[in-house]
Amino acid sequence: MATRIVVDPITRIEGHLRIEVMVDDNNVVTDAFSASTLWRGIETIVKNRDPRDVGFMVQRICGVCTYSHYKAGITAVENALGIEIPPAATYTRALMNISLVLHDHMVHFYHLHGLDWCDIVAALGADPAKASKLAFNYCENPIATGEDELRAVQKRVAEFANGKSGLGPFANGYFGHKTYRFSPEQNLIVLSHYLKALEVQRVAAQMMAIFGSKQPHPQSLTVGGVTCVRDILDPSRMGDWLTKYKYVADYINRAYYSDIVMAAEVYQHEPSVMGGENVKNFLCYAEIPVNATETLYSTGIVLDHDISKVVPIDETKITEEATHSWYKDNGPLHPYDGKTEPNYTGFIDGQSLGADGKMVDSKLLKTSEKYSWIKSPRYDSKPMEVGPLATVVVGLAAGNPRVKAVATKLLQDTGLPVEALFSTLGRTAARMLECKLSADYGIEAFNSLVETIKSGDKRTCTPYKIDKSKEYKGRYIGSVPRGVLSHWVRIKNGVVENYQCVVPSTWNAGPRDSKGQKGAYEHALVGLKINDLTKPIEIIRIIHSFDPCIACAVHMIDASGNEIGQYKIDPLTMGALASAQGESHGI
Ligand code: NFE
Ligand code: MG
């Protein structure tokens, strides 16, 4: 008999995400449903606003990819108005983007996803001397793994364990679960890197603030270019960015890279992380210019795992539909014509597995009807996975030399075939590779900025005029840390007439479409075997590998700012299994 398991909320993500799966008598997932239970939003409030203000408003969609929507909003308007920004502005924006990527991916791997791989309790029982030596197996010059440092890490974390609140912020984990594969010493190495990464990410955040004036939500982009002229022309500010960049990039290579190599060594034998990818189609868009002709990522689509060729993107084939989303407009509609009219139809009564392994009465998703606030984006009617795995897969298919260099090194260092990328482990490794692209090659964008200024081209903004008698439309398409992001704007009478964002987590976390085709999260879960139905860490590992951001994926409120409804998630009374991976980071 099929059993329904509810994981709600998925913690250690941004926003509120609920996963429901059906499992058969062998504990294998036969069907899966991904639902955003959060409703907020921005698309509507920018309507009738001055297009020059849009970037500042849409950046509030998210405080995680804090720069992405800002840049997207500004660039969409520039595209609509036909503005070409000066080279110095292009490279400054690239440096801000690099700052974001380094910060965002490192925080995700260590602080949001790391404890899916690293068993903290086991780390406390490790031999620090042995662990310190072991670190040299994965890195020539390991960092934060001296014997004394590791002993201090154990002491620090043990103090949590002995405190009133159990393991403190690490409480409620599924530590000891049989799918944790690291040895105690390997766990200790990752735990030490987890703590060290708290310091390093602070420096990455400061990198953003150098040109952006603050972080989160930098302030120095404007339609036409950038406003941080003094910072670009001040050698000490430029030097400060470079010093911090080198410090963070060094950590990416000595800790993040080597931890992924170590994870690959042991987790390739864990079946639950060697699946977790079934959508088979990948969409990526060029991003982060490093010189006049090259970007770190490539544009294109890979269909059906076929990395022998890259399919060019036709933007007119991008649509969003709401067949299974709580909106009226079922679509599919191109984003220029997209609508966002709410139509909340609620949950149904049913039964799901409780935390004690017994069936309990629950509120369940109406899976044959509408069940999520996220829409279903499609390309040419097909679901796509977006994100770092797409960056790597499309980059390899397109012959991108930088992607090829980092991916080939990792495959050599791990001994894994390229097919291993199509998995949860592969997705987590790909995020590190995307981070490493910025760590290894971001310096080229810095040098391009320096060369531009040295050449005497100190222009930072392109002048422009908005003709109120004209209608404009334009878009931004690019890649942000969770994948392809696009913003689509129509301008009429000098104000925004329509605005639509099609966001990475919308591509990945969206529900099925009118043809019954699942979104990427849903696809990834089908076929998964769960060891213990009351501790479904395998589900959490797969979903976390996408780095969900539901604040980004759902971005709508009542146009007047009115409260539309209240949604409370109580995992116990809803009979749901708390994901039990610490406190929710949902806002
Ligand atoms: Ni809120 Fe975001 C990124 C965007 S989401 S994190 O990256 O856009 O999918
Ligand atoms: Mg949208």
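Numbering of ligands and ligand atoms starts at 1, following listing order.
Below 3.5 Å of separation, one finds an N or O of His69 facing an N or O of ligand 1. Residue Ser505 has at least one nitrogen or oxygen atom sitting less than 3.5 Å from a nitrogen or oxygen atom of ligand 1, judged on distance alone. The shortest N or O to N or O distance between Ser68 and ligand 1 is not below 3.5 Å.
Listed by number with element, the atoms of ligand 1 under 4.0 Å from a non-hydrogen atom of Pro481 are 7 (O). Within ligand 1, counting atoms from 1 as listed, the ones closer than 4.0 Å to a heavy atom of Leu485 are 8 (O). Close approach to Val503 involves these atoms of ligand 1, each under 4.0 Å from a residue heavy atom: 4 (C), 5 (S), 8 (O), 9 (O). For ligand 1, the atoms closer than 4.0 angstrom to any heavy atom of Val480 are 3 (C), 4 (C), 7 (O), 8 (O).
Aromatic ring pairs are classed by plane angle as parallel below 30°, tilted from 30° to 60° and perpendicular above 60°; the pair His487 and Tyr476 is perpendicular.
A side-chain donor-acceptor contact under 3.5 Å links Trp488 and Ser486.
For atom 5 (S) of ligand 1, the closest non-hydrogen atom of the protein is Cys552 CB, 3.1 Å. The protein non-hydrogen atom at the shortest distance from atom 2 (Fe) of ligand 1 is Cys65 SG, 2.4 Å.
A salt bridge between Asp440 and Lys436 is present, with a side-chain N of the basic residue lying under 4.0 Å from a carboxylate O of the acidic one. Comment: Lys515 does not engage Asp513 in a salt bridge, judged by the lack of any side-chain N to carboxylate O separation of less than 4.0 angstrom. Lys375 and Glu321 are not joined by a salt bridge, as no carboxylate oxygen comes within less than 4.0 angstrom of a charged side-chain nitrogen.
With atom 1 (Ni) of ligand 1 as vertex, Cys62 SG and Cys549 SG subtend 110°, rounded to 10°. Vertex the Mg ion (ligand 2); arms to Glu43 OE2 and Cys501 O; angle rounded to 10 degrees, 90°.
Inter-residue side-chain proximity for Leu303 and Met384 is flagged as met; some heavy-atom pair is nearer than 4.5 Å. Residues Leu433 and Tyr256 fail the side-chain proximity criterion, which asks for heavy atoms closer than 4.5 Å.
The side chain to side chain donor-acceptor pair (under 3.5 Å) test applied to Ser99 returns Trp241, not counting sequence neighbours.
Contact annotation: Glu320 places no N, O or S atom under 2.8 Å from the Mg ion (ligand 2).
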